[in-house]
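What you see below is based on every heavy atom in this structure, not just the backbone, and it leaves out hydrogens, waters and symmetry mates. Start at 1 and go down the list; that is how both ligands and their atoms are numbered.
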Amino acid sequence: MSKIVYADNAATTFLSKHALEAMMPFLTDQPGNASTVYAYGRAAKRAVEDARSKVAAAIGAKPEEVYFTSGGTESDNWAIKGVVELRKNKGKHIISTEIEHHAVQHTLQYLEKQGYEVTYLKVDQYGNISLDDLRAAIRPDTILITVMTANNEIGTILPIAEIGAIAQEKGILFHTDAVQAVGHIPVNVSEMNVDLLSLSGHKFKGPKGTGALYMKKGLRLPALLQGGGQERGVRSGTENVPGIVGLGAALEEATANLGESMKRLAAMREKLVKGLTAIPYTRLTGDPVHRLPGIASFVFECVEGESMVLLLDQNGICGSSGSACSSGSLDPSHVLMAIGLPHEIAHGSLRLSLNEDNTEEDIDYLLEKIPPVIERLRAMSPLWEDKMAGIAAAAAAK
Ligand SMILES: *Cc1c(COP(=O)(O)O)cnc(C)c1O
């Protein structure tokens, strides 16, 4: 079998074996609906509550502050639409950033069509917002601040605790999409001063279609889904018992060795960054220091991202250009536009996202295979030809 290096863990991960083992009984010989009272049901209920405790422990919350959902997208939708409904008498203004995931960005755009007003804070070249801009954007009718903990495309980690402190001081509810952070960097809801936090199972080796919303004690958002009243009446639908169990097991596993795994990942990432930024006309995107340990993201001038991803695939490398959610569209990603990259440069983006399963050999393989791919694409590019001709002409004119 030819070698495959999976470097797209920010899009999704392989399911952890530990999580699968924890899930198996609930997929095979345990039919329990967690809302029934006979033994099967009680066992399912116990397993769900056990997973809730694990999730709570991983993010520094109390179990009763954790609500299970179908994933990051649902958690984001619920948090934002829930606050809007809860605070409908207070105002119609929301503050967010230009670099949110579509699960947040498109929810906000939907609300704008309903008459809400959204201030999208600008970011600098590294994807960071300014706290002064945030303070200046706050109005008496601001009901929600929603800022992601870490960006999925460029890996930048935002100053969530500081943002949360400002929100708290002004009495504004604060939500963070922490889907890329939970299980990857330390996350603690009280240190971060958040009221609401979204997480997703399949970004840390849990099953797809699982997630959770942290809701601070005392806060009770209206339900997004009406029905049987599961999750203490606010998230109806028969509990996804195997999914919830898998999410809990995967998160417990991911956070158990977090310090060590972050160190190892950051070292592999740095080796990749050093190796690939040695290619001419290449830059790292995102904050060079405050970034997720596993995300290495680049732009290569005069390279077309989708062709690069296809050619890398032929070499057994799974990476992504822009985010998986927006590929298929020809516009460069809103995140790369927001950090000020010109269109033609933003088109040549590549994100390599690592996790615990990646090895040193994977990094060596990436460093061996990627540079010739870039060279080959540039050799076919009229933009590159023009650029080189321009440089030669300028040199001759000297
Ligand atoms: C993947 C992702 C989501 C969506 O989560 P799903 O569980 O796939 O719905 C939301 N926000 C960020 C930052 C993500 O990376």
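- The side chain to side chain donor-acceptor pair (under 3.5 Å) test applied to Glu231 returns Arg52, not counting sequence neighbours.
- Only the side chain of Lys203 comes within 4.0 Å of ligand 1, counting heavy atoms alone; its backbone N, CA, C and O stay farther away.
- Taking a cut-off of under 4.0 Å to the non-hydrogen atoms of Asn152, the atoms of ligand 1 that pass are 13 (C), 15 (O).
- Of all atoms in ligand 1, listed by their number and element, those nearer than 4.0 Å to a heavy atom of His202 are 6 (P), 7 (O), 8 (O).
- Applying the side-chain hydrogen bond (donor to acceptor under 3.5 Å, both in side chains) test to residues at least two apart or on different chains, the pairs with a partner in residues 187-213 are Thr12-His202, Thr12-Lys208, Asp76-Ser198, His175-Ser198, Asn188-Ser190, Lys205-Asp357.
- Looking at Thr210 next to ligand 1, no N or O pair under 3.5 Å apart turns up.
- Remark: Arg46 does not engage Asp50 in a salt bridge, criterion side-chain N to carboxylate O under 4.0 Å.
- Checked for salt-bridge contact, Glu64 and Lys217 meet the test: a charged N lies under 4.0 Å from a carboxylate O.
- Contact atoms of ligand 1 toward Gly71: 7 (O) (distance under 4.0 Å to a heavy atom of the residue).
- Judged by the 6.0 Å distance and 45° axis criteria, Lys81 is positioned over the aromatic ring of Tyr110.
- Counting atoms of ligand 1 from 1 in the listed order, those under 4.0 Å from a heavy atom of Gln180 are 13 (C), 14 (C), 15 (O).
- Classified by interplanar angle (parallel below 30°, tilted 30° to 60°, perpendicular above 60°), the ring pair Tyr38/Tyr40 is perpendicular.
- With ligand atoms numbered from 1 in the order given, ligand 1 contributes 5 (O), 6 (P), 7 (O), 9 (O) to contacts under 4.0 Å with heavy atoms of Gly72.
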